[in-house]
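Each chain gets a letter, A, B and so on, in the order the sequences are listed, and its residues count up from 1. Note that these values count all heavy atoms, side chains included, but never hydrogens, waters or copies made by symmetry. Predicted model, so just to flag it, every value in this text is computed and none were measured.
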Amino acid sequence: QKEVEQNSGPLSVPEGAIASLNCTYSDRGSQSFFWYRQYSGKSPELIMFIYSNGDKEDGRFTAQLNKASQYVSLLIRDSQPSDSATYLCAGYNDYKLSFGAGTTVTVRA
Amino acid sequence: DVKVTQSSRYLVKRTGEKVFLECVQDMDHENMFWYRQDPGLGLRLIYFSYDVKMKEKGDIPEGYSVSREKKERFSLILESASTNQTSMYLCASHKVGSAMDYGYTFGSGTRLTVV
């Protein structure tokens, strides 16, 4: 079993809608969690990190963490075509990031 | 901004060749990492280094080795390239004490094709 599992997708949402991405993790020692966005053929870029239970908002992005349920999510509000990408969830522990396989999001105009 | 530079964007090598992938970072980061990325499998850690000449195996080290002779440079070596090593290779770095808050900084990746 992978340490970090993401909902497999692909996810297609209309422009202006909310995209909801989910991630579960098995390592209870994971201290913080990251969401990376990766455009096709490019390297991952960090968009959000969270280490406390609850919600964290940054512009159109909201990350949610529930350590009791070992669950992390990312909401993208008012989705734009430029949000079309693969989103990677990662958990950090012992100097290392463990990544999920990614969820591909397509925002249709 | 931290820069992580990978020497080649695309490489084509023959089966059995020895292949060197180079990664250089310019912000005095202690920790450096090599991942490979394959469709449906995500990023998998090959090796990482937390100091000069120090290295640790990741999840999939077989067929690879690494070298870190200087703090800013971390090399991935494919001793005898095989077709199943065709992949996107990503280098990353971070400063000790910072990753928990800020994650890694990635290089632009090297797409290696072994024929």
L88(A) side, atom CG; Q37(B) side, atom CD - distance, nearest 0.5 Å
6.0 Å
Side chain, backbone, both or neither of Y35(B) within contact of chain A (heavy atoms, under 4.5 Å)
side chain
Does the S43(A) side chain pair with the main chain of G107(B), one donor and one acceptor, at a distance under 3.5 Å?
yes
Distance from K96(A) atom NZ to F33(B) atom CZ, nearest 0.5 Å?
9.0 Å
In this structure, would L75(A) and L11(A) fall into the same cluster of hydrophobic residues linked by side-chain contacts under 4.5 Å?
no
Taking atom NZ of K56(A) as the centre, does the number of heavy atoms from other residues, nucleotides or ligands within less than 6.0 Å exceed 12?
yes
G102(A), P44(A), A90(A): which one forms the most heavy-atom pairs within less than 4.5 Å of chain B?
P44(A)
Heavy-atom cut-off 4.5 Å, strictly under: side chain, backbone, both or neither for R9(B) against chain A?
side chain
Do L21(B) and M88(B) belong together in a cluster built from hydrophobic side chains that touch within less than 4.5 Å?
no
Can Y104(B) and Y36(A) be said to form a ring pair (Phe, Tyr, Trp, His ring centres under 6.0 Å), step by step?
CA-CA 10 Å; Y104(B) 297 171; Y36(A) 283 83; 7.7 Å; no
So which residue, L43(B), L41(B), N31(B), ends up with the most heavy-atom pairs under 4.5 Å with chain A?
L43(B)
Return yes when atom CZ of R44(B) has more than 12 non-hydrogen atoms of other residues, nucleotides or ligands closer than 6.0 Å, and no otherwise.
yes
Same hydrophobic cluster for L112(B) and L90(B), using side-chain heavy-atom links shorter than 4.5 Å among ILVMFWY?
no
With a 4.5 Å cut-off on side-chain heavy-atom distances among I, L, V, M, F, W and Y, is there a chain of contacts connecting Y89(B) to L45(B)?
no
Measure the CG-CZ distance between L97(A) and F106(B) for me, rounded to the nearest 0.5 Å.
6.5 Å
Same cluster (ILVMFWY, side-chain, under 4.5 Å), F48(B) and V24(B):
no
Measuring heavy-atom distances to chain B, does E45(A) have an atom under 4.5 Å in its side chain, in its backbone, in both, or in neither?
neither
